[in-house]
Amino acid sequence: MNLLIMGLPGAGKGTQAAKIVEEFGVAHISTGDMFRAAMANKTEMGVLAKSYIDKGELVPDEVTNGIVKERLAESDIAEKGFLLDGYPRTIEQAYALDETLKALGLKLDGVINIEVNPDSLVERLSGRIIHKETGETFHKVFNPPVGDYNEDDYYQREDDKPETVKRRLDVNIAQGAPIIEHYRKAGIVSDIQGNQEIDAVFADIEKAIAAMK
Ligand code: ADP
Ligand code: AMP
């Protein structure tokens, strides 16, 4: 099964992606995670990506298309399927993905579109905490870690600062609409109400996936 998960920053893509991967065994391909790993390793691509990410801007298409293409060509993908998270983020990336999938003989089965009220997103992003060891995402209030909470075991993303969040939301709102339209034309979009409890969102995603098969 080959899926995309879409939604504004903070919509809950990463949170739901972890659940989808656990249940369906697909490969999770998050361009944001790939850039953060490259930034942590200070690779040439990581240094370049950081100059955009720190400002809340998108990394240029040719860089992003390249890393996705390379990942999709790896041998586990045809076997397990994939869940793309945070890509495509421009219509040009959507066209590039169409080409890449065609060249690899793969096709998309569905697009999970998490719809949220943008007013709730600043609160979600400013409370987001990530476990250093596992990379698991939590929220200080909405999804706190169970058991003893030691602040030192978690970090907050640099780009979750309020000034960067605003720019990220503006950029993603402007770029997102044509992408969804592109997939609506193909009749493969499932709209999911994202302003519900995490488990209720996942239950709706499970139903949508069941209807795709
Ligand atoms: P994205 O990957 O779309 O940017 P995340 O999955 O990282 O979003 O979620 C952003 C923040 O919101 C995290 O702190 C997460 O724990 C929290 N969150 C995710 N889903 C929900 C939800 N349904 N209700 C409340 N908070 C949520
Ligand atoms: P995310 O983890 O998906 O919120 O992404 C974090 C940041 O990485 C974004 O704000 C962008 O700067 C960059 N990024 C992630 N995915 C893409 C993409 N598909 N195209 C361009 N930039 C991206």
Side-chain angles (χ1 to χ4, degrees), residues 4-21 28-39 45-46 48-69 71 83-97 100 112-131 135-146 154-161 163-176 179 192-205:
L4 297 189
I5 188 158
M6 297 196 53
L8 291 173
K13 300 182 296 296
T15 301
Q16 298 300 330
K19 291 174 170 290
I20 295 168
V21 166
H28 183 201
I29 307 178
S30 156
T31 42
D33 285 352
M34 289 159 104
F35 288 136
R36 280 184 289 279
M39 280 166 22
M45 192 266 279
L48 176 87
K50 186 170 166 38
S51 67
Y52 293 92
I53 292 174
D54 282 354
K55 289 184 286 193
E57 304 292 340
L58 296 178
V59 177
D61 285 344
E62 55 279 17
V63 177
T64 313
N65 289 333
I67 61 168
V68 172
K69 191 172 176 180
R71 179 66 187 97
L83 173 64
L84 269 168
D85 163 4
Y87 180 93
R89 261 189 165 102
T90 64
I91 191 68
E92 290 77 18
Q93 290 180 12
Y95 297 146
L97 177 63
T100 296
I112 295 161
N113 180 37
I114 307 186
E115 297 187 298
V116 281
N117 175 352
D119 295 342
S120 60
L121 296 177
V122 174
E123 205 182 0
R124 281 200 190 180
L125 293 171
S126 58
R128 171 157 66 184
I129 47 172
I130 299 161
H131 191 243
E136 204 177 338
T137 298
F138 296 90
H139 190 281
K140 285 181 184 169
V141 178
F142 304 137
N143 184 25
V146 271
Y154 296 82
Y155 71 92
Q156 285 193 272
R157 274 171 49 175
E158 273 290 314
D159 60 345
D160 280 346
K161 292 179 297 205
E163 41 311 355
T164 319
V165 162
K166 185 165 180 333
R167 180 67 192 145
R168 283 166 65 207
L169 290 174
D170 289 347
V171 166
N172 281 274
I173 288 168
Q175 302 273 2
I179 305 174
I192 302 290
Q193 167 53 260
N195 288 105
Q196 327 178 57
E197 292 286 323
I198 290 172
D199 288 343
V201 176
F202 186 58
D204 286 352
I205 291 177

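No experiment lies behind these values; they were computed from the predicted model shown. Both counts, for ligands and for their atoms, begin at 1 and track the order of listing.
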Original post:
Is the shortest N/O to N/O distance between G86 and ligand 2 below 3.5 Å?
Top reply: yes
**OP:** Around atom 23 (N) of ligand 1, find the nearest protein heavy atom and jot down its residue, atom name and distance.
**Re:** Q196 O, 2.7 Å
Original post:
Tell me: protein heavy atom nearest atom 12 (O) of ligand 2, and distance?
Top reply: E57 O, 2.6 Å
Subject >> Nearest non-hydrogen protein atom, atom 4 (O) of ligand 2 >> reply: R157 NH2, 3.0 Å
Subject >> Within-cut-off N or O pair, Y52 and ligand 2, under 3.5 Å >> reply: no
Original post:
Can you list the atoms of ligand 1 that are under 4.0 Å from a heavy atom of L8?
Top reply: 3 (O)
Subject >> Ligand-residue contact atoms, ligand 1 with G14, heavy atoms, under 4.0 Å >> reply: 1 (P), 2 (O), 6 (O)
Subject >> Proximity flag G10 to ligand 1, non-hydrogen atoms under 4.0 Å >> reply: yes
Subject >> Top protein contact for atom 12 (O) of ligand 1, by heavy-atom distance >> reply: R124 CD, 3.4 Å
**OP:** Quick one: look up the protein heavy atom nearest atom 7 (O) of ligand 1 and list residue, atom name and how far away it is.
**Re:** R128 NH1, 2.6 Å
**OP:** With heavy atoms of G194 as the reference, note each atom of ligand 1 found under 4.0 Å away.
**Re:** 23 (N)
**OP:** May I ask you to say whether E163 pairs ionically with K166, meaning some side-chain N is under 4.0 Å from a carboxylate O?
**Re:** no
Original post:
Heavy-atom contacts under 4.0 Å between T64 and ligand 2: side chain, backbone, both, or neither?
Top reply: side chain
**OP:** Using a strict 4.0 Å cut-off to heavy atoms of T137, name the atoms of ligand 1 that fall inside it.
**Re:** 7 (O), 13 (C)
Original post:
For atom 21 (C) of ligand 1, which of I198, I129, D85 has the closest heavy atom?
Top reply: I198
**OP:** Consider ligand 2: state whether an atom of it lies below 4.0 angstrom from any non-hydrogen atom of F35.
**Re:** yes
Subject >> Closest protein heavy atom (residue, atom, distance) for atom 6 (O) of ligand 1 >> reply: T15 OG1, 2.6 Å
**OP:** State the atoms of ligand 1, each with its element, that fall below the 4.0 Å cut-off from a heavy-atom position in F142.
**Re:** 25 (C), 26 (N)
Original post:
Just which atoms of ligand 1 are under 4.0 Å from any heavy atom in F138?
Top reply: 13 (C), 14 (O), 16 (O)
Original post:
Counting only heavy atoms, which portion of K13 has something under 4.0 Å from ligand 2: side chain, backbone, both, or neither?
Top reply: neither
